[in-house]
Participant: 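I am attaching a structure below and will ask some questions about it afterwards.
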Amino acid sequence: MPDTTTRPLTSAEVGIPPRHIDFQFPRDTERYFFYDGNPLASLLFVVFSGIFPPGERFFMESVRHFRDRIQDPVLKAQVSGFMGQEALHGREHERLNDVFREHGFDVDLPARYVRFGLRQLERFSPRLQLACTTMMEHFTAHLAEEWLTNQRLAESSNPQMLQLWYWHALEELEHKSVAYDVFELIGGTQKERKQAGWLVGIFVLLPVMAAWLRLLIKEGQLFNRQENRRGYQALFGRRALISNVLRHMPKFWRRRFHPRQQVTAALEDTWRTRLFGPQGELTSVYRAPTARF
Ligand SMILES: [Fe+2]
Ligand SMILES: [Fe+2]
């Protein structure tokens, strides 16, 4: 353990380094990037990319509100890492959203819908906002694990496009406990976690579903039965991407819940090497972090 008597720990020293990456995004390729060009599934990820920048700002603000209560030097450094990683995710998804705009997707629509929902959440107490963040981080961490392990997704999607999502997924796993540790520090309760379930359902899930439906209509794909059936199976079928995430959601409301119960250290190691090791897929476009958060 490094000597911390003279200087604060860095976020890299606690395993949550914000990584600046210059992604090369695919242009002039197929319209739908995921699941062999499936519109339904691809549009869900367009929606996700659209909502990440405002969503991650909300996460950061809800944690920042309690930041000066943190005395523990390790948690302080973890919070810095969390802030840095989420800020960079937002920035890179903005760049990806520009690519989606070039492809003619109305990626501002999901952002607008979710911003409206998040503004409503901001009317609730900072404690409840943080509880909502911990719930969304629980969802994101399981989505991340799926992204990193789902063979079907890897085999049927644009590899250049996948790289940003792999980087994002790895970092979501690296910082998956941070918001919850702050929530525990302020004495967050199971009751608040239950309330967060309702709030996220109403103010985040509903806008996401509405945006997904509207994009599907705008793309003229609502009645593309064959593709929609295929996309539905890929997302919600047995052992499919989103089904695998949803079955972990009830754990969030257990009395003794903690994000570290999702054991992902080995998976993170594998992906750190694959993306940022000596021969890593992203090593050449990775710039060492300079900014502090
Ligand atoms: Fe993120
Ligand atoms: Fe996150």
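Every number for a ligand or one of its atoms is a count from 1 in the order of the listing.
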Participant: Of all N, O or S atoms in Glu137, which has the smallest distance to the Fe ion (ligand 2)?
Facilitator: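 Atom name returned: OE2.
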
Participant: Are any N, O or S atoms from Glu56 nearer to the Fe ion (ligand 2) than 2.8 Å?
Facilitator: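 Short answer: no, not a single N, O or S atom is under the cut-off.
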
Participant: Got more than 12 heavy atoms from elsewhere within 6.0 Å of CZ, Phe236?
Facilitator: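 Yes, because the 6.0 Å sphere around CZ of Phe236 holds more than 12 heavy atoms from other groups.
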
Participant: Linking I/L/V/M/F/W/Y whenever their side-chain heavy atoms sit closer than 4.5 Å, directly or via other members, would Leu205 and Ile202 fall into one cluster?
Facilitator: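 Same cluster: Leu205 reaches Ile202 through Ile, Leu, Val, Met, Phe, Trp or Tyr contacts under 4.5 Å.
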
Participant: Can the ring centroids of Phe257 and Tyr180 be said to lie less than 6.0 angstrom from one another?
Facilitator: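 That pair passes the under 6.0 Å test.
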
Participant: Closest N/O/S atom of Glu172 to the Fe ion (ligand 1), by atom name?
Facilitator: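 Of all N, O or S atoms in Glu172, the Fe ion (ligand 1) lies closest to OE2.
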
Participant: Among the N, O or S atoms that Glu86 has, which is closest to the Fe ion (ligand 1)?
Facilitator: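 Nearest N/O/S atom of Glu86: OE1.
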
Participant: Do the two ring centres, one from Phe23 and one from His168, sit under 6.0 Å apart?
Facilitator: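 So the answer is no for these two rings.
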
Participant: Same hydrophobic cluster for Phe100 and Ile217, using side-chain heavy-atom links shorter than 4.5 Å among ILVMFWY?
Facilitator: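 Linked, Phe100 and Ile217 end up in one cluster.
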
Participant: Which of the N/O/S atoms in His89 sits closest to the Fe ion (ligand 1)?
Facilitator: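 Closest N, O or S atom of His89 to the Fe ion (ligand 1): ND1.
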
